[in-house]
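Taking it in order: structure first as structure tokens, then the write-up.
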Amino acid sequence: MTNRLAPLFLLLLAASPLIAKPSADYADLVSPLIGTDSTRGFSHGNIYPAVAAPFGMTFWTPRTGEASGWIYQYGARRLRGLQATHQPSPWMGDYGNFGVMPFVGESTSELPSSAFSHDDEESKPHYYAVSLQDSGVRAEMTATTRSSVMRFTFPKGERAWLHFDAYGPGDFEIDESKKALEGTARANNGGVAADFGCRFVAGFNAPIKSVNRSPDKHWVAIEFAPPASGVVEARIGTSFIDHEQAGLNVDREIGDKPFDEVVAANKAVWNERLGVIEIEGATDDQRVTFYSNLYRALLFPRIFHEENAAGELVHYSPYSGRVEPGEMYADNGFWDTFRAVYPLLSIIDPEINASMVRGWLNAYREGGWFPKWASPGYRDCMIGTHVESVIADALCKGIDDFDVELAAEASLKDATALSDNGAYGRKGLAEYLKLGYAASDKTGEATARTLEFAYDDWCVAQVCEHAGRVDAIPQLLKRAQNYRNVFDPEVDFMRGRQADGSWRPDFKPDEWGGPFTEGSSWHYSWSVLHDLPGLIDLMGGDDAFIAKLDAMLAAEPTYGVGHYGGVIHEMTEMVACHMGQYAHGNQPVHHVLYLYNFAGAPWKTAAPVRQVVDTLYGPGPDGYCGDEDNGQMSAWYLFSTLGFYPVCPGKPGYAIGSPRFAKATIRLQNGEDFVIEADGVSDTAMHVGSVAVDGAAISRSWIQHSEIAGGGVMTLKMQDEPNREWAVAPDDRPFGDWTP
């Protein structure tokens with residue numbers, strides 16, 4: 001490795017498009033331990049404490065687990081390493097992961113671990129430290145986008161070892177003269193092609209005394225001769241291209257900078273990123289919760305591209321198995337993140353939003369399809385083809401710094417071409433095109449697919465509008481009405497429909513699975529994001545629609561296990577919400593509490609939104625009720641505490657809810673600020689009495705994206721009792737008469 005001036009990490013900070021000027025130490029407010037007290041049976045987030053740069057290619061985390069997706073569990077009492085991880089979810093698993101564990105004494109075939117206590121642990125986005133009770137070692141680490149520095153302080157007089165573990169097939173080459181290691185971690189759970197592996201290099205500040213290797217090449221233990229301070233440092237670079245690139249990454253991002261300076265640089269990056277939103281009037285716990293959720297929303301999708309020696313962006317493509325030019329991102333479940341993560345980025349960082357779209361277009365170029373779940377490439381998981389939503393949402397907000405014609409081509413392929421692989425395309429599309437719905441006796445989760453295909457068709461129409469593909473729009477908009485084909489007026493719910501046109505028998509609105517995905521008809525009957533007036537008409541008009549929303553929140557939280565054959569954690573989490581059949585722990589209902597606005601009763605939105613904000617999120621390790629899922633659970637909280645929510649990505653507007661804080665300032669990339677003032681807000685004053693934008697009163701229950709993106713002030717007068725007269729007229733409902 002060669003030292004280079006002006007590491008890319010610091011250059012990125014200096015050249016960052018974000019213009020936030022932090023007035024607080026936001027990074028110190030973040031608790032990455034929130035959401036880590038999770039188990040397979042009940043999720044309080046199902047996440048790990050990531051030390052990372054925003055959207056970093058490689059994250060670093062303490063590891064307590066042995067061989068499961070739960071890398072770090074808050075209740076565990078033994079630490080098994082500091083791990084390089086790329087895991088987006090325990091359900092998807094990790095890839096290219098490897099660990100480093102310090103120990104003292106003899107190196108044996110027994111893998112090292114140590115007792116630890118949270119009392120001796122510090123966890124922040126930019127820094128992690130822990131005292132290992134068995135060895136007396138103090139372990140610390142920080143991160144950049146693709147690299148890490150780890151610092152281990154060994155007790156004087158003890159033999160000092162570092163154990164590198166590939167957790168499966170791996171290669172290790174050690175150059176004792178250069179005090180360096182090269183390794184390859186090949187573990188993966190799919191979604192990759194060709195000679196896949198995370199290549200990493202490590203340079204040390206101490207001479208190597210001896211080496212112990214495992215017979216199966218899964219790990220290597222290196223003994224060092226530490227300096228008088230007892231401190232051994234490892235500077236680690238990662239790459240999915242080759243070891244030379246890994247060395248280039250660590251040289252650029254870290255170079256020879258002291259550990260504490262790298263920590264400070266990463267903290268500065270996080271403070272700038274987190275400082276895009278300033279909240280005022282929050283309690284200490286609320287500030288911790290808010291900025292911890294913002295940290296989570298700025299982790300995925302992860303950057304998967306690297307800068308080569310010529311200064312060009314390149315990436316290993318999991319779609320082609322080759323090194324390709326341009327941007328690439330990975331680790332995203334679009335079924336989750338299209339709802340609020342990308343709309344959030346469209347406000348706080350439209351430049352990276354466009355970069356992400358360019359990355360997904362490269363995935364199409366290299367693999368022939370958009371991914372549905374990218375980890376790091378095609379994975380057969382979840383339903384719908386929601387990259388179309390991400391693109392439609394960007395375009396409607398003026399974010400178009402990408403190949404719009406190619407975006408239309410790829411989106412139309414998702415909407416029209418049959419796929420023989422569940423990892424891309426639409427399962428059940430042939431029936432959908434022929435019958436107007438996916439048949440529940442032919443395709444699993446058919447009704448959920450029908451509803452999501454209809455929304456996706458609407459999104460494809462929006463993309464085609466921007467690309468000038470007007471020929472395709474009429475048919476797409478016609479198909480966007482296919483949601484009507486799975487609504488049964490006899491039961492007043494969305495329902496499974498069979499290929500012969502009959503309804504799936506033995507309907508129960510609380511039965512999970514079958515025609516639905518990780519939910520029941522109570523959850524999916526609202527999944528018509530693009531045509532809520534049409535859904536309201538189907539359900540009998542405003543009063544009937546409002547009554548049904550009320551009934552959902554008042555119902556007993558019963559469930560049938562359906563095709564799952566047993567209780568899954570999402571069912572248990574719904575019960576724990578204490579909100580009837582509303583299951584906030586899973587994404588299909590995330591827009592539902594805002595639907596009162598569309599039926600002329602926006603005053604009913606505040607109380608349930610406030611209940612979720614105040615009772616289902618918090619500053620402790622149990623701070624979520626359900627899977628956090630790549631930032632979606634966090635983005636919902638951020639929007640809802642700011643006071644508005646993107647009910648239909650692809651339409652440039654947001655339904656107004658109930659701001660939680662007296663004031664919030666969003667610092668925009670164009671140098672303007674958008675300020676939300678909630679006059680009189682309190683624990684009881686949660687209801688909107690009136691709204692003004694830049695001093696002019698508005699009667700509508702929604703705000704336009706342009707009003708946010710242009711900067712300005714939205715002032716909401718808050719009160720204890722609902723204002724049943726505000727924004728109830730048909731013309732005041734979201735999103736007015738907006739059309740593509």
Residues Ser320, Glu366; criterion side-chain hydrogen bond (donor to acceptor under 3.5 Å, both in side chains); working and verdict: CA-CA 5 Å; Ser320 70; Glu366 295 155 19; 4.8 Å; no
Verdict with reasoning, Tyr329 to Asn362, per side-chain hydrogen bond (donor to acceptor under 3.5 Å, both in side chains): CA-CA 9 Å; Tyr329 291 82; Asn362 280 335; over 6 Å; no
Stepwise side-chain hydrogen bond (donor to acceptor under 3.5 Å, both in side chains) check, Ser317 with Glu324: CA-CA 6 Å; Ser317 172; Glu324 304 274 8; 5.0 Å; no
Verdict with supporting geometry, Glu306 and Arg146, salt bridge (charged side-chain N to carboxylate O under 4.0 Å, His left out): CA-CA 9 Å; Glu306 308 175 50; Arg146 303 169 186 86; 5.1 Å; no
Intermediate values then yes/no, side-chain hydrogen bond (donor to acceptor under 3.5 Å, both in side chains), Tyr291 and Asp25: CA-CA 11 Å; Tyr291 287 104; Asp25 207 343; over 6 Å; no
Chi angles and distances behind the side-chain contact (heavy atoms from CB on, under 4.5 Å) call for Thr58, Ile236: CA-CA 11 Å; Thr58 299; Ile236 307 171; over 6 Å; no
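Asn586 and Glu518 share a donor-acceptor pair across their side chains, judged by distance under 3.5 Å alone. Side-chain atoms of Ser239 and Gln245 form no donor-acceptor pair, as typed in the model, at a separation below 3.5 Å. A donor-acceptor pair shorter than 3.5 Å cannot be found between the side chains of Gln632 and Thr337. Between Thr61 and Gln83, the side chains place no donor N or O within less than 3.5 Å of an acceptor N or O (distance only, hydrogens not considered). Of the N and O atoms on the side chains of Thr85 and Asp94, at least one donor lies less than 3.5 Å from an acceptor on the other residue. Judged purely by distance below 3.5 Å, without hydrogens or angles, the side chains of Tyr624 and Asp37 never pair a donor atom with an acceptor atom.
For Glu106, the salt bridge (charged side-chain N to carboxylate O under 4.0 Å, His left out) criterion is met by Arg159, not counting sequence neighbours. Partners of Glu158 by side-chain hydrogen bond (donor to acceptor under 3.5 Å, both in side chains), not counting sequence neighbours: none found. Checked against side-chain hydrogen bond (donor to acceptor under 3.5 Å, both in side chains), Glu570 has no partners two or more places apart in sequence or in another chain. Residues meeting the side chain to side chain contact (heavy atoms under 4.5 Å, CB included) test with Asp216, sequence neighbours left out: Ser214, His218. Residues forming a side-chain hydrogen bond (donor to acceptor under 3.5 Å, both in side chains) with Thr36 (at least two apart in sequence, or on another chain): none. For Lys217, the salt bridge (charged side-chain N to carboxylate O under 4.0 Å, His left out) criterion is met by no residue, not counting sequence neighbours. By the side-chain hydrogen bond (donor to acceptor under 3.5 Å, both in side chains) test, Ser177 is found to be paired with Asp175, residues two or more places apart in sequence or in another chain being considered.
Within the cation-pi definition used here (under 6.0 Å to the ring centroid, within 45° of the axis), Arg235 does not qualify as a partner of Phe204. Cation-pi check for Arg63 over Tyr167 is met; the charged atom lies under 6.0 angstrom from the ring centroid and within 45 degrees of its normal.
Among pairs with a residue in residues 371-380, none fulfils salt bridge (charged side-chain N to carboxylate O under 4.0 Å, His left out), at least two apart in sequence or across chains. Sorted by first then second residue, the side-chain hydrogen bond (donor to acceptor under 3.5 Å, both in side chains) pairs that include residues 193-203, not counting sequence neighbours, are Arg186-Asp195, Asp195-Arg199. Among residues at least two apart or in separate chains, there is no salt bridge (charged side-chain N to carboxylate O under 4.0 Å, His left out) pair with a member in residues 618-631. Residue pairs satisfying the ring-ring contact (aromatic ring centres under 6.0 Å, His included) criterion with at least one member in residues 104-124, sequence neighbours excluded, are listed as follows: Tyr74-His118, Phe116-His118. Within the structure, salt bridge (charged side-chain N to carboxylate O under 4.0 Å, His left out) pairs that include any residue of residues 113-141 comprise Arg78-Asp134, Glu140-Arg151 (at least two apart or interchain).
Using bins of under 30°, 30° to 60° and over 60° for the plane-to-plane angle, the ring pair Phe98/Phe200 lands in the parallel bin. Aromatic ring pairs are classed by plane angle as parallel below 30°, tilted from 30° to 60° and perpendicular above 60°; the pair Tyr319 and Tyr378 is perpendicular. In this structure, Phe103 and Trp161 have parallel ring planes: the angle between them is below the 30° cut-off, well short of the 60° mark. In this structure, Tyr127 and Phe259 have perpendicular ring planes: the angle between them is above 60°, well past the 30° mark.
The closest donor-acceptor contact from the side chain of His86 to the backbone of Tyr95 lies under 3.5 Å. Side-chain atoms of His305 come within 3.5 Å of backbone atoms of Met328 as a donor-acceptor pair (strictly under, hydrogens ignored). In this structure, the side chain of Ser634 does not engage the main chain of Ala297 through any donor-acceptor pair within 3.5 Å. A donor-acceptor contact shorter than 3.5 Å links the side chain of Asn266 to the backbone of Ala143. Put simply, the side chain of Ser114 gets close to the backbone of Gln133: a donor and an acceptor are under 3.5 Å apart. Checking side-chain atoms of Ser43 against main-chain N and O of Gly626 turns up a donor-acceptor pair under 3.5 Å. The main-chain N or O of Asp171 is never found under 3.5 Å from a side-chain atom of Thr184 such that the two would form a donor-acceptor pair.
With a 4.5 Å cut-off on side-chain heavy atoms, Trp60 and Leu82 do not count as touching. Within the 4.5 Å cutoff, the side chain of Asn630 has no heavy atoms near those of the Val341 side chain. In this structure, the side chains of Leu132 and Leu79 come closer than 4.5 Å at one or more pairs of heavy atoms. Looking only at side-chain heavy atoms (C-beta outward), Val276 and Asp349 stay at 4.5 Å or farther from each other. Taking 4.5 Å as the limit, every side-chain heavy atom of Thr144 sits out of range of all side-chain heavy atoms of Val250. In this structure the side chain of Trp219 never reaches within 4.5 angstrom of the side chain of Phe164, judged on heavy atoms. Side-chain contact check for Thr238 versus Asn249: every heavy-atom pair is 4.5 Å or farther apart. Inter-residue side-chain proximity for His126 and Val262 is flagged as unmet; no heavy-atom pair is nearer than 4.5 Å.
Between Phe300 and Phe59, the ring center distance clears the sub-6.0 Å criterion. If you look at Trp373 and Phe334, their ring centroids are not closer than 6.0 Å. Here the two rings, on Phe240 and Phe304, have centers that are under 6.0 Å apart.
Note: Cys198 SG to Asn188 CG = 12.0 Å, rounded to the nearest 0.5 Å. Remark: Ile277 CD1 to Tyr26 OH distance equals 10.0 Å, nearest 0.5 Å.
The shortest heavy-atom contact between Leu248 and Glu307 is CD2-O, 3.6 Å.
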